[in-house]
Amino acid sequence: MVGVLSAHASVVSRVESQKPLVVILMGPPGAGKGTHAGPLSVHLGIPHISTGDLFREHFRQQTLLGKQAKEYIDRGNLVPDELVLNMLFDRVSQEDCKAGYILDGFPRTLLQARSLDERLIGKVQLVVLNLNLPDERIVERITGRIACKDCGRPYHKTFDPPKVAAICDVCGGLLFQRADDTVAVVRQRLEVYRSQTAPLIDHYAQQHVLKEIDSQNEKGVVLRECLEALPSLPATQDIR
Ligand code: ADP
Ligand code: ZN
């Protein structure tokens with residue numbers, strides 16, 4: 001009986017591993033989703049897609065969507081599902097996503113998660129990495145964080161400062177602080193996270209795709225834990 005079960009399990013995992021890989025990075029604001037998404041994307045050879053970055057890019061380009069989204073973002077509230085879903089599904093339909101992708105900041109509501117389930121069901125190998133960080137660490141991390149306006153590389157004023165103040169080590173770009181990274185807005189974002197996004201942890205636990213990651217550790221340790229939680233072979237099949 002054990003032999004039958006393990007033979008079956010190995011067939012399932014081999015078939016599973018041929019499917020494109022979709023990684024969802026979950027966790028409260030400041031847990032390190034954006035920090036680890038970059039290196040994970042390089043390791044896995046699949047793009048990093050951040051809905052927050054997409055909205056900020058829309059705003060920079062002064063699109064209607066960018067202006068609409070900014071009203072919500074600056075108050076620490078969620079952008080309405082319909083706006084998010086259209087933008088995200090449009091992005092993951094592009095050529096570079098055919099072997100899989102890393103989602104950062106999506107899904108954030110149960111409706112977003114169910115819409116993603118419908119789109120992906122049976123077609124991909126889904127792994128959800130839940131980055132955990134105690135509340136008291138969140139505010140200090142977020143209010144000190146800065147990022148490069150050119151390459152997006154994140155820094156922290158105290159914990160991970162650039163070599164030269166306000167200048168990116170990697171590309172020489174200027175570092176900036178996000179308008180929604182203030183103490184007051186962070187508190188609102190945390191409340192929204194607890195009421196609307198934390199329930200997704202159960203949603204994915206029930207699908208047996210959830211992996212817990214302790215995000216308090218040093219960056220390199222967290223990245224290794226993330227990589228160890230993922231299947232080793234990125235996939236190749238077209239899922240668009
Ligand atoms: P963080 O993970 O640091 O909180 P993000 O850059 O992911 O920040 O998101 C910034 C803001 O963009 C959110 O507070 C929210 O207003 C909006 N946003 C991003 N992704 C979504 C989403 N999936 N659904 C609704 N709003 C979103
Ligand atoms: Zn840079």
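It should be emphasised that the depicted structure is a prediction, and the values quoted were computed from it without experimental measurement. Each ligand, and each atom within it, is numbered from 1 in the order the structure gives.
- The atoms of ligand 1 that sit less than 4.0 Å from any heavy atom of Gln112 are 22 (C), 23 (N), 24 (N), 25 (C).
- Under a 4.0 Å criterion applied to the non-hydrogen atoms of Arg56, ligand 1 contributes the atoms 6 (O), 10 (C).
- Counting only heavy atoms of the protein, atom 8 (O) of ligand 1 lies nearest to Arg178 NH2, 3.0 Å.
- Close to ligand 1: Arg145, with a non-hydrogen atom less than 4.0 angstrom away.
- Side-chain contact between Leu190 and Pro29 is present, with at least one heavy-atom pair separated by less than 4.5 Å.
- For atom 26 (N) of ligand 1, the closest non-hydrogen atom on the protein side is Val79 N, 3.0 Å.
- Inspection of the His203 and Asp117 side chains reveals an N or O donor paired with an N or O acceptor under 3.5 Å.
- The neighbour count for Arg75 CZ, taken as heavy atoms of other residues, nucleotides or ligands under 6.0 Å away, does not exceed 12.
- For atom 17 (C) of ligand 1, the closest non-hydrogen atom of the protein is Ile73 CG1, 3.7 Å.
- Remark: ligand 1 and Arg189 share an N or O pair separated by less than 3.5 Å (distance only, no angle test).
- Residue contacts with ligand 1, taken as heavy atom pairs separated by less than 4.0 Å, involve Val84 solely via side-chain atoms from C-beta onward.
- A donor-acceptor contact under 3.5 angstrom links the side chains of Asp81 and Thr109, judged on distance only.
- Scanning the protein for heavy atoms near atom 2 (O) of ligand 1, the closest one is Lys33 NZ, 3.2 Å.
- Sorted by first and then second residue, the salt bridge (charged side-chain N to carboxylate O under 4.0 Å, His left out) pairs with a member in residues 192-216 read Asp135-Arg194; sequence neighbours excluded.
- Of the residues Glu191, Gln188, Arg189, the one that meets the side-chain hydrogen bond (donor to acceptor under 3.5 Å, both in side chains) test with Asn77 is Gln188.
- Residues Pro107 and Leu116 share a closest heavy-atom pair of CD-CD2, 4.3 Å.
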Note to self: Apply salt bridge (charged side-chain N to carboxylate O under 4.0 Å, His left out) to residues Asp181 and Arg141 and explain how you reach the verdict.
What the structure shows: CA-CA 10 Å; Asp181 278 353; Arg141 272 205 191 177; over 6 Å; no
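- Close N/O approach between Gly105 and ligand 1 is found [any backbone or side-chain N/O within under 3.5 Å].
- Counting only residues at least two apart or on different chains, the salt bridge (charged side-chain N to carboxylate O under 4.0 Å, His left out) pairs with a member in residues 57-67 are Glu57-Arg60.
- Interface atoms of ligand 1 facing Thr51, defined by a heavy-atom separation under 4.0 Å, are 19 (C), 20 (N), 21 (C), 23 (N).
- With a heavy-atom cut-off of 4.0 Å, Asn77 touches ligand 1 through its backbone alone.
- Of all heavy-atom pairs between Ala229 and Val127, the closest is O-CG1, 4.1 Å.
- A 4.5 Å side-chain heavy-atom check between Thr51 and Asp104 finds every atom pair outside the cut-off.
- For Ala147, the side chain to side chain contact (heavy atoms under 4.5 Å, CB included) test picks out Phe176, with sequence neighbours left out.
- Around the Zn ion (ligand 2), the protein N, O or S atoms closer than 2.8 Å are Cys148 SG, Cys151 SG, Cys168 SG, Cys171 SG, listed by chain and residue number.
- A donor atom on one side chain and an acceptor atom on the other are not found under 3.5 Å apart for Arg91 and Ser50.
- Among protein heavy atoms, atom 9 (O) of ligand 1 sits closest to Arg108 NH2, 3.6 Å.
- For the pair Phe55 and ligand 1, the shortest N or O to N or O distance does not fall below 3.5 Å.
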